[in-house]
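Only one structure is covered here, and it is reproduced in the block below.
Source: prediction; values computed, not measured. Any value given below was found using the heavy atoms of this structure, including those in side chains, with hydrogens, waters and symmetry copies removed. Throughout, a chain's letter reflects where its sequence line sits, starting with A, and its residues are numbered from 1.
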Protein chains: 2
Amino acid sequence: MRITLKDIAKELNLSASTVSKALSDSYEISAETKKLVKEYAAKHNFRPNKIAQNLKTGRSNTIGVVMCSISNNFVAQLLDGIQTASEAGHYDIIIMQSRNLESLEKQAIEVLRMRGIDGLLLVPMASNSSEKELKELQAAGIPVVIVDRTFHSLDTHKVGANNFYGAYQATKHLLERGKKNIYHLTVKGLGVSEERLKGYNAALEEAGIPVNPAQVIAIDQSTGRSVEELIKEAIHPLLASATRPDALFCATDEITSRTLGILADLAVVVPQEIAVIGFSNTPNANALNPALSAVVQPARLMGEIGVLKLNELMKSKNKEVEFETIALATELVIRKSSL
Amino acid sequence: MRITLKDIAKELNLSASTVSKALSDSYEISAETKKLVKEYAAKHNFRPNKIAQNLKTGRSNTIGVVMCSISNNFVAQLLDGIQTASEAGHYDIIIMQSRNLESLEKQAIEVLRMRGIDGLLLVPMASNSSEKELKELQAAGIPVVIVDRTFHSLDTHKVGANNFYGAYQATKHLLERGKKNIYHLTVKGLGVSEERLKGYNAALEEAGIPVNPAQVIAIDQSTGRSVEELIKEAIHPLLASATRPDALFCATDEITSRTLGILADLAVVVPQEIAVIGFSNTPNANALNPALSAVVQPARLMGEIGVLKLNELMKSKNKEVEFETIALATELVIRKSSL
DNA sequence: TTGTACGCGTTATCAG
DNA sequence: CTGATAACGCGTACAA
């Protein structure tokens, strides 16, 4: 068992409250007593019981994080940023996954709430998912910050990337490279992908190229089949068709890497036959076949700013705050796959 | 504010303890009362305050996880497995990073302990890091399971991969492909890499090839310089030398991917000029240049088993347990880089 | 079958 | 400057 305030009090012939105050440097305690208590505490390796502190104070110094998945590069980097920033702010974080299921998302929020978090960082799975639960949380004085999916309906701070402009830039780059028939590969039901599609469309329109819905291919992950398979099925007929693309714009990390792998398998020469560019945060972009040109999201920064904004809200309890939506700039890194 | 036991009690003209018992299905409460209470609780969305429960019961239903880093594929997958398994066991997890610093590792353990975790899952940074703190934890009845780094000195369950055999297999594969001059690229001070080196050596010895220390190149990350740079510096002279390698065995995920990228930059044709194989859990192995042959660790499984073993220890409080060290089989996936 | 009293470890209030 | 007391929300002997 570990030593408690009471133990110290008994040993030193003081009261528990005096010890408590001494340890928290209260002005009402004499320097002498403070020294005595602190030395004893240090010597016996006393650590206050957080649980009891939490119960008493109503705060937990913990922020909850709910994300769709944790095993992809973007999210791993995001988490890294969140971790770093919360350490700096002396917050602990509890991480839960929603696995892209609203039921799990709701459950995760509920679990975190029961645990007594001081704030929530959420990568929501859809545009108004868990809205009721989130509003309840806010009503209970627990602030929420939305990360990545800035299109979510909740009224609060939101931090994401400028998906529109990132996609616009990438598409424009392909156009500047002389590509005429650019396909857009994306996934169904992923919120951020809509902005990316708009960016793609905007670049085409600006170049005077009519937007052709047939050039937009949306992978449906809800089928339960692997993304790899689905992309293959989508790409095969394309290669044989009269309207064979000369460039592919891939809207997500996974699609981008997989597409590159599939094209390599098919011995399609990238970028000579087909150029490829996409959103990706893989640290291996250089080692891909060929080195991948990519729109890179500032994932770590996103996590850090998310924590920062949450911190603001947690400090400014009850004050009226003007909520903002922050769109961080993406970075277009040109390597070989798009040249 | 949220509704408490007392509120329900007052509203229903019962005592708090009756309500508490009713909700936990105590045999001493009448079916009638139970129904009444439960319905009221459900209707008013009552959730017991975990903090209070924890304080009372001394358990928190939380397991702490401390790992070196969270932004690499292996760890992300490991975390995913841990998450999955702890959800199944109705445990929440708190994740902290040690960033490969023993001071941070100790601190993380301390923070988790103060938070009142029921068990700890640790990927230790060195062979006897934080041993004192871990022993204290165990002495306080909080079990610890070591993950990945099974060479750690603590007496407890340990779950890792069979690094020796994985490396042995990979090296043997290179030998079977006729490679004569296989170099080993590794990092300094990473515990698991030692076993991998032994596996490499064993395969060479078995083939009657004398082990040559000059063929082992250890990257020193403590310099603060990037792994990319360091590998470049190591590889450049090699390529020009009389003893130019015909194969590289890379001991870690990062080294493997980076090496592939560097060789591509240098226009060294893999595997014709130099074959490459290594430990890697990247999901993009197919898309690498060329498709990467790799020793894959069962990271998710490792996480799940870690939680399982921890669960065993948490249940069997005080009982004598025979600690075991589990070495999970790796998988050798041959693609193009080693052919 | 239900209620009372107490304690988990801490902090806050108030009295001395 | 220090100490007694109450309280946070819950669970549990024990009493009724």
Problem set entry | Those residues of residues 47-62 of chain B lying under 4.0 Å from DNA chain D by at least one heavy atom | Pro48(B), Asn49(B), Ala52(B), Gln53(B), Lys56(B)

Exercise. The helix from dT1(C)-dA16(D) to dG16(C)-dC1(D): angle between its terminal axes, five pairs each, to 10°?
Worked result: 50°

Exercise. Any salt bridge between Glu133(A) and Arg113(A), counting N to O under 4.0 Å?
Worked result: no

Exercise. About how many Å separate CG of Asp92(B) and CG of Asp118(B), when rounded to the nearest 0.5 Å?
Worked result: 10.0 Å

For this session: Kindly compute the distance separating CD (Gln138(B)) from CG (Leu120(B)), expressed to the nearest 0.5 Å.
Result: 9.5 Å

For this session: Scan Leu122(A), Asp148(A), Thr150(A) and name whichever one has a side-chain contact (heavy atoms from CB on, under 4.5 Å) with Lys158(A).
Result: Thr150(A)

Problem set entry | Candidate list Val159(B), Leu121(B), Val147(B), Val144(B), test side-chain contact (heavy atoms from CB on, under 4.5 Å), partner Leu310(B), passing option | Leu121(B)

For this session: Report yes if some heavy atom in the side chain of Met67(B) is under 4.5 Å from a heavy atom in the side chain of Leu79(B); otherwise report no.
Result: yes

Give each protein N/O atom lying under 3.5 Å from an N/O atom of nucleotides 2-4 of chain C, with the pair distance.
from   : atom 1 : to       : atom 2 : distance (Å)
dT2(C) : OP1    : Ser30(B) : OG     : 3.3
dT2(C) : OP1    : Thr33(B) : OG1    : 2.5
dT2(C) : OP2    : Ser30(B) : N      : 2.9
dT2(C) : OP2    : Ser30(B) : OG     : 3.1
dT2(C) : OP2    : Thr33(B) : OG1    : 3.1
dT2(C) : O4     : Glu28(B) : OE1    : 3.4
dG3(C) : OP2    : Ser15(B) : N      : 3.1
dG3(C) : OP2    : Thr18(B) : OG1    : 2.6
dG3(C) : O6     : Lys21(B) : NZ     : 2.4
dT4(C) : O4     : Ser17(B) : OG     : 3.0

May I have the distance from [X] (atom [atom1]) to [N] (atom [atom2]), rounded to whole angstrom?
X         : N       : atom1 : atom2 : answer
Arg115(B) : dG9(C)  : CZ    : C1'   : 15 Å
Ile8(A)   : dG3(D)  : CD1   : P     : 14 Å
Ile3(A)   : dT10(C) : CD1   : C1'   : 15 Å
Leu5(A)   : dA4(D)  : CG    : P     : 15 Å
Asp7(B)   : dG9(D)  : CG    : P     : 8 Å
Tyr27(B)  : dG11(D) : OH    : C1'   : 14 Å

For this session: Look at the side chain of Ser26(B) and the backbone N and O of Ala22(B), then say whether any donor-acceptor pair between them is shorter than 3.5 Å.
Result: no

Exercise. Which is it for Asp80(B) and Gln97(A) under the side chain to side chain donor-acceptor pair (under 3.5 Å) test, yes or no, and what are the steps along the way?
Worked result: CA-CA 9 Å; Asp80(B) 199 38; Gln97(A) 279 183 271; 3.2 Å; yes

Exercise. When you look at Arg149(B) and Ser127(B), which way does the side chain to side chain donor-acceptor pair (under 3.5 Å) test go after all the steps?
Worked result: CA-CA 8 Å; Arg149(B) 318 290 168 92; Ser127(B) 62; over 6 Å; no

Exercise. Looking at Lys6(A), does any N or O in its side chain come under 4.0 Å of the phosphate oxygens OP1/OP2 on dC8(C)?
Worked result: yes

Exercise. Run the side chain to side chain donor-acceptor pair (under 3.5 Å) check on Arg115(B) and Thr62(A) step by step: do they pass?
Worked result: CA-CA 10 Å; Arg115(B) 273 228 112 64; Thr62(A) 304; 2.4 Å; yes

Problem set entry | Stepwise side chain to side chain donor-acceptor pair (under 3.5 Å) test for Ser17(A) and Ser20(A) | CA-CA 5 Å; Ser17(A) 48; Ser20(A) 170; over 6 Å; no

